[in-house]
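The structure appears below as structure tokens.
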Amino acid sequence: MSEKTKRVRRIGVLTSGGDAPGMNAAVRAVVREALTNNVECVGIRRGYNGLIHGDYYLMTGQEVSHILSHGGTVLYTARSEEFMTEEGRKRAVDICRFLGLDGLVAIGGDGTFRGALELSRLGLPVVGIPATIDNDVGCSNYTIGFDTACNTAIDCVDRLRDTMSSHERCSLVEVMGRRAGFLALYVGISVGATAVLLPERDLDFERDVLEPIREARFAGNTHFMLVVAEGVCMDEKFEGVHTVFDLGNKIKEAIGMKPTVTVLGHLQRGGKPTARDRETASRMGYRAVKALVEGRANLIIGTQKGKIEEIPIEDALKMKKSIQMERYDMLRDLQNRVPRH
Ligand code: F6P
């Protein structure tokens with residue numbers, strides 16, 4: 001800390017947007033590292049909504065004991081319409097001033113960070129921690145919650161496979177991810193899917209849906225597992241296909257085989273966080289408080305090549321992360337097929 005750096009006495013912490021397993025571990029790390037540095041920590045409930053409506057309390061080290069093994073977020077979370085308005089954001093900053101906050105740690109995804117940027121422009125020092133099961137934050141290789149969500153989805157698909165194989169059926173499984181296919185790709189690789197449909201690819205029904213089923217059948221498979229990222233239907237990647245159920249009907253019309261359709265939905269957001277999520281969240285929470293205490297702010301705490309990095313929030317929001325298409329190619333290569341002559 002330089003001579004001129006103002007001593008940080010009190011900070012706030014909130015979780016915002018869709019919850020992600022591991023958020024609690026990040027909250028715990030923020031509270032504990034703050035207290036270790038003689039900084040008070042105010043927990044703000046229900047994200048930016050709670051900030052605007054003065055929904056806060058002073059947190060103790062004891063109350064965050066053992067929360068790191070629980071999914072969800074003890075601070076609750078919300079998506080706030082009011083915070084989208086200038087008036088709402090000014091109100092939020094006024095509350096922070098009233099509370100005497102020297103900084104705010106905002107845990108969430110891109111939407112949360114856009115909000116944090118606006119607060120920083122109004123003079124509040126902020127630090128963001130990426131937490132979303134979608135893994136779609138451009139400035140960070142990894143976001144808290146992704147690993148747990150992958151494992152949950154994999155467990156569900158493994159169970160589905162047991163019954164699909166007994167009945168020799170075709171299964172369509174939709175996984176979350178909003179407009180990103182990271183979850184679908186990792187799940188698809190890990191369950192040995194017949195096909196994975198990603199929003200990042202140009203899709204062709206014959207090439208990407210029917211051909212993989214045929215290839216698997218010729219190679220001896222009698223059941224088929226297709227993993228679909230929810231963004232595929234959101235973006236209407238196949239004409240007239242708005243839901244995964246429409247896609248099921250399209251397959252039935254084309255080849256007479258009616259797939260069972262399973263939407264994993266919010267199941268993927270729950271459950272005990274994995275070691276990776278607990279450990280990453282702890283490192284990020286720790287680093288966020290270190291940054292504020294040492295006088296650095298308006299940053300996102302991201303991971304790059306496995307290391308924790310501090311990225312200025314304005315730059316962070318401009319960064320793009322592309323899906324690893326070489327992993328998609330690998331998945332195709334590892335599928336069961338007969339040689340083509
Ligand atoms: O961003 C996390 C996420 O779970 C997305 O994968 C999904 O599209 C969205 O949130 C669902 O949001 P909600 O819980 O508000 O329906």
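Start at 1 and go down the list; that is how both ligands and their atoms are numbered. All residue numbers in this chain count up from 1 along the given sequence.
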| remark: Near Gly177 (heavy-atom distance under 4.0 Å), the atoms of ligand 1 are 6 (O)
| query | Taking only residues two or more places apart in sequence or in another chain, which ones pass side-chain contact (heavy atoms from CB on, under 4.5 Å) with Ala195? | reply | Pro212, Leu226
| pair Lys250-Val209: side-chain heavy atoms closer than 4.5 Å | no
| Which ring pair (Phe, Tyr, Trp, His ring centres under 6.0 Å) pairs, counting each pair once, include a residue from residues 170-197, with sequence neighbours left out? | Phe146-Tyr186
| To which protein heavy atom is atom 12 (O) of ligand 1 closest, and what is the distance rounded to 0.1 Å? | Arg79 NH2, 3.0 Å
| note | shortest atom 3 (C) of ligand 1-to-protein heavy-atom contact is with Arg269 NH1, 3.5 Å
| Are Lys90 and Glu86 ion-paired here, with the side-chain N under 4.0 Å from a carboxylate O? | yes
| request: Mark up the atoms of ligand 1 that fall under 4.0 Å of a heavy atom belonging to Asp134, in ascending order. | output: 1 (O), 2 (C), 3 (C), 5 (C), 6 (O)
| said: Looking at ligand 1, is there an atom of it that comes within less than 4.0 Å of some heavy atom belonging to His266? | reply: yes
| field | Among Glu230, Met176, Arg178, closest by any non-hydrogen atom to atom 8 (O) of ligand 1 | value | Glu230
| query | How about Asn151 and Thr274: does a side-chain donor come under 3.5 Å of a side-chain acceptor? | reply | no
